[in-house]
Amino acid sequence: MRTMWKGAIGFGLVSVPVRLYAAVQEHGLRLHQVHDEDGGRIHLKRVCDACGKEIDYEHVAKGFEDDEGNTAVVTKNELAGLPLPSKKLIDVLAFVDADRIDALRLSGAYYLAPESAAADKPYVLLRETLKQTERVAVTKIALRTRESLALLRVHEDLLVLHTMYWPDEIRDSKGLAPSSSVTVRPQELKMATSLMDTLSEDFDLDTLEDEYEIALGELISAHLDHRPAPRKKTTAAPDNVIDLMAALQASIDSASGKGAPAKTAAKSTSSGHAKKTEDSTKGASKKAVAKKTTASRTTAKTGSSKTGSSKTRATKTSASATTKKTAAKKTGRRAS
């Protein structure tokens, strides 16, 4: 690993000689500009628009143009002569609690290693102190002739340096947040939490791959081997989600392998919402008709029941009268 910078961490009268190394290496296939008809390489030339000549790199300086069109030319030697107290020193400004630093401020990442065996002792002392106090150090450092803020923290057994944006480089986010009148129900929070838990099961960050980069590599290989370019299916973005609860439930089912993919559920949400309204209306109508039918049947049954009772009473009365007449005839016969 190539050393990018040599210097020392300084806080108070303590100095820790260190070396700086790039902590990350962005992957990617490097593409250059070519002519699409014959594949010829396209070169960019440094041409001066004042004299029209191509300029060698050694004669390229820096310039600043003001609002009136005046240009100030600054040479490399002038830039190198500017005072930079942090050119060879990681100057610690303060030690603060780690949660005070917003991740939005962080930029590049670098490993810091002891310069020599003699630097091991103060290096370990600083590392352990930061670890036990759960603090980080806000510092200044100059990299590539530009001074920037930096954050010094512990990562495993190493000290890591993160360059930081200056406070005035962070843009104001006012007006970007959703309206304060928007609220969510406890059921929605519960469903969203359940979805988070489902998606987090057996998650391994180290297994993730850059699918675009892999597809690009396959495409380039196909061209080099004079094979047809492979076709990759692109996942379509979901349509507008209306029924939040249904979308959350569909996402949970999809993540746990119980239902259809979340994108399908999200895609059919808008039509499903309208269908639910129509079904609920039809259901209400059916219920009303059912109620009327039931009421009619009940009335009919009640009426028939009453009629049957009347007939029964009439039959009983008639039978009773017949019995009385018969008894009267018998009595008359006996009297005579």
Side-chain angles (χ1 to χ4, degrees), residues 1-35 40-94 101-116 119 136-153 158-172:
M1 194 180 294
R2 186 174 64 88
T3 302
M4 293 185 56
W5 181 91
K6 289 183 181 180
I9 303 172
F11 58 102
L13 299 177
V14 179
S15 179
V16 185
V18 292
R19 291 173 179 258
L20 191 76
Y21 302 89
V24 296
Q25 179 180 354
E26 294 186 4
H27 61 256
L29 297 172
R30 292 190 176 185
L31 303 177
H32 51 259
Q33 293 182 337
V34 297
H35 188 190
R41 186 77 175 263
I42 296 176
H43 296 277
L44 301 180
K45 297 181 179 181
R46 293 179 292 272
V47 178
C48 175
D49 61 359
C51 63
K53 296 181 180 180
E54 185 177 351
I55 309 301
D56 294 333
Y57 184 74
E58 61 179 340
H59 294 296
V60 175
K62 302 291 184 180
F64 177 82
E65 185 176 339
D66 63 12
D67 296 337
E68 298 177 358
N70 301 315
T71 300
V73 178
V74 183
T75 66
K76 296 177 183 177
N77 292 333
E78 289 175 327
L79 289 173
L82 293 176
L84 269 178
S86 58
K87 190 172 184 178
K88 290 294 180 181
L89 178 69
I90 300 175
D91 186 17
V92 176
L93 305 177
I101 305 299
D102 192 331
L104 183 64
R105 296 183 177 273
L106 304 183
S107 181
Y110 304 90
Y111 290 135
L112 285 175
E115 166 66 21
S116 62
V136 294
V138 178
T139 70
K140 276 185 180 182
I141 186 174
L143 296 173
R144 303 183 185 89
T145 71
R146 185 177 185 270
E147 187 176 58
S148 67
L149 285 175
L151 180 74
L152 189 64
R153 69 178 183 89
L158 276 178
L159 292 175
V160 174
L161 188 80
H162 293 273
T163 50
M164 300 173 63
Y165 296 107
W166 295 95
D168 60 351
E169 291 179 318
I170 306 295
R171 286 177 147 183
D172 187 4

(request) Calculate, to the nearest 0.5 Å, the distance between atoms CD1 and NZ belonging to Ile90 and Lys140 respectively. (result) 14.0 Å

(message) Once rounded to the nearest 0.5 Å, what's the spacing between atom CZ of Arg105 and atom CD of Glu169?
(response) 10.0 Å

(message) Distance check, rounded to the nearest 0.5 Å: Ile42 atom CD1 versus His32 atom NE2?
(response) 9.5 Å

(request) State, yes or no, whether a side-chain contact exists between Ile141 and Ser148 at a heavy-atom distance under 4.5 Å. (result) yes

(request) Please report the closest heavy-atom contact between Ile55 and His59, naming both atoms and the distance. (result) CG2-CB, 3.8 Å

(request) Please name all residues satisfying side-chain contact (heavy atoms from CB on, under 4.5 Å) with His43, sequence neighbours left out, ordered by chain then number. (result) Arg41

(request) List the atom of Ala142, the atom of Trp5, and the distance in Å for their closest heavy-atom pair. (result) O-NE1, 3.5 Å

(request) Determine whether more than 12 heavy atoms belonging to other residues, nucleotides or ligands lie under 6.0 Å from atom CZ of Phe11. (result) yes

(message) If I compare all heavy atoms of Leu89 with all of Gly10, which pair ends up nearest, and what's the gap?
(response) CD1-N, 3.7 Å

(request) Would you give the length of the straight line joining atom CG of Leu151 to atom CG of Leu161, rounded to the nearest 0.5 angstrom? (result) 7.5 Å

(message) Please give me the minimum heavy-atom distance between Val92 and Ala137, naming the atom from each residue.
(response) CG1-CB, 4.1 Å

(request) For atom CD of Gln25, decide whether the heavy atoms of other residues, nucleotides or ligands shown that lie under 6.0 angstrom number more than 12. (result) no

(message) To the nearest 0.5 Å, what is the distance between CG on Leu20 and CE on Met4?
(response) 6.0 Å

(request) Please name the residue in the list Thr3, Leu158, Leu112 that meets the side chain to side chain contact (heavy atoms under 4.5 Å, CB included) test with Tyr21. (result) Thr3

(message) Under the salt bridge (charged side-chain N to carboxylate O under 4.0 Å, His left out) definition, can you give me all pairs with a residue in residues 8-33, not counting sequence neighbours?
(response) Arg19-Glu115

(message) I need the minimum non-hydrogen distance between Leu106 and Met164, along with the two atoms involved.
(response) CD2-CG, 4.0 Å

(message) Check whether Thr139 reaches the backbone of Ala150 with its side chain - one donor and one acceptor, N or O, closer than 3.5 Å.
(response) yes

(message) Tell me whether Asp168 at atom CG has more than 12 heavy atoms from other residues, nucleotides or ligands lying less than 6.0 Å away.
(response) yes

(request) Could you tell me which non-hydrogen atom of Tyr57 sits nearest to which non-hydrogen atom of Lys76, and how far apart they are? (result) CE2-NZ, 3.4 Å

(request) Please answer whether the main-chain N or O of Glu68 pairs with a side-chain N or O of Asp66 as donor and acceptor at a distance below 3.5 Å. (result) yes

(message) Distance check, rounded to the nearest 0.5 Å: Tyr111 atom OH versus Leu159 atom CG?
(response) 12.5 Å

(message) Would Thr163 and Tyr110 count as a side chain to side chain contact (heavy atoms under 4.5 Å, CB included) here? Give the steps.
(response) CA-CA 8 Å; Thr163 50; Tyr110 304 90; 3.8 Å; yes

